[in-house]
Amino acid sequence: AFIASPLSVWLMAHFSTPTHVGVAETFISLGVIYLAFMWVGAAIVRVPAPGWKPEGFTPPVVEQKLITRNDVYVYDAIKTPQFWLIWAVLFLNVTAGIIIISNAVPIMTELTGASAAVVAGLYASLSLFNGFGRLFWGWLSDRIGRRYAFAGIFGIQVLVFFVMGSITSLPLLCVAFAIVLLCYGGGFGTMPAYNADYFGMRNYGSNYGLNLTAWGCAGLAGPWFAATVQHITGSYAGALQPAAIMLSVAIIFPLISDQSPGARKLPTPRSVRTSS
């Protein structure tokens with residue numbers, strides 16, 4: 001977001017004329033750039049051979065009752081309460097975060113009176129906290145456990161959302177937005193390991209892929225809710241305290257996901273491309 005936002009603005013200006021706005025050309029250019037990077041990334045990926053580990057590496061002993069020693073089929077995973085609990089955890093975290101992300105500029109201008117141009121420039125820089133949150137909360141969850149990490153992510157956001165609507169200082173509001181983005185990114189940094197702890201790595205692609213449908217649903221629910229509140233009250237800030245209440249309830253979900261699901265025997269996996 002830190003790179004794509006100003007790049008999009010530059011491309012739009014480059015392709016626009018007095019009689020034509022270069023929206024289509026901008027999207028096509030971004031698509032070609034993304035495709036090129038993905039092709040390069042896919043070309044150099046290698047799956048390690050079974051049992052491979054770096055020379056001299058000894059895995060740490062982790063004592064955490066939630067970690068399964070099995071690999072669970074996606075068809076079995078969706079039958080467990082754990083799958084739907086962590087689905088709800090991701091859905092609620094993304095819903096709260098995307099209320100801010102999708103309406104950042106109008107919320108900041110409404111609360112502080114700053115111009116949209118100033119706010120847009122500041123918010124582009126704040127997007128770095130989204131990325132840093134994935135590193136920080138992922139690292140912390142390795143030490144305190146996924147459940148407590150997500151409880152912390154929700155608890156911190158409850159406080160921020162409750163007070164955000166009363167902040168009129170632009171620097172303070174930037175701090176509040178940075179914290180929300182830190183927690184939003186933290187959900188994506190923690191959820192993959194949360195999913196793997198419960199269901200193993202053999203079927204990780206299908207299990208986590210299905211888990212990510214929560215992101216798509218939240219991408220609809222969050223902006224819709226914010227737009228509805230704005231239509232009724234005339235203010236995007238009116239969505240902040242309901243989001244805080246929602247997050248207060250959400251704290252319960254990771255804390256009650258305290259049992260590891262079972263699994264059934266897996267077939268012999270197909271051969272995979274391995275590193276030399």
Nearest-0.5 Å distance, [atom1] of residue [X] to [atom2] of residue [Y]:
X	Y	atom1	atom2	value
Ile86	Asp197	CD1	CG	9.0 Å
Ser248	Phe161	OG	CZ	11.0 Å
Thr228	His231	OG1	NE2	8.5 Å
Ser206	Ile78	OG	CD1	10.0 Å
Leu85	Arg147	CG	CZ	11.0 Å
Phe177	Leu170	CZ	CG	9.5 Å

(Q) Any side-chain to backbone donor/acceptor pair from Arg134 onto Phe188? Under 3.5 Å, distance only. (A) no
If we only count heavy atoms from C-beta on, is the [X] to [Y] side-chain gap below 4.5 Å?
X	Y	answer
Phe150	Met191	yes
Asn203	Val72	no
Leu7	Leu11	yes
Leu240	Phe162	no
Phe15	Ser29	yes

Q.
So, using side-chain contact (heavy atoms from CB on, under 4.5 Å) as the criterion, who are the partners of Ala149 when residues are at least two apart?
A. Trp137, Ser141, Ile144, Thr190
Q | Residues in side chain to side chain donor-acceptor pair (under 3.5 Å) contact with Asn93, at least two apart in sequence or another chain | A | Gln157
Q: Assign the ring pair Trp10 / His14 to parallel, tilted or perpendicular, where the plane angle (0 to 90°) is split at 30° and 60°.
A: parallel
Q) Between Trp84 and Trp87, what is the ring plane arrangement, given parallel below 30°, perpendicular above 60°, and tilted in between? A) tilted
Q. Just wondering, more than 12 heavy atoms not from Ile3 lying within 6.0 Å of its CD1?
A. no
Q | Where at least one partner belongs to residues 95-123, residue pairs that pass side chain to side chain donor-acceptor pair (under 3.5 Å), sequence neighbours excluded | A | Glu110-Ser235
Q) Any side-chain donor paired with an acceptor under 3.5 Å for Thr80 and Tyr198? A) no
Q) Passes side chain to side chain donor-acceptor pair (under 3.5 Å), Ser257 versus Tyr194? Steps please. A) CA-CA 11 Å; Ser257 60; Tyr194 205 178; 2.6 Å; yes
Q: Carefully, step by step, assess Asn207 and Tyr73 under the rule side-chain contact (heavy atoms from CB on, under 4.5 Å).
A: CA-CA 8 Å; Asn207 286 330; Tyr73 281 106; over 6 Å; no
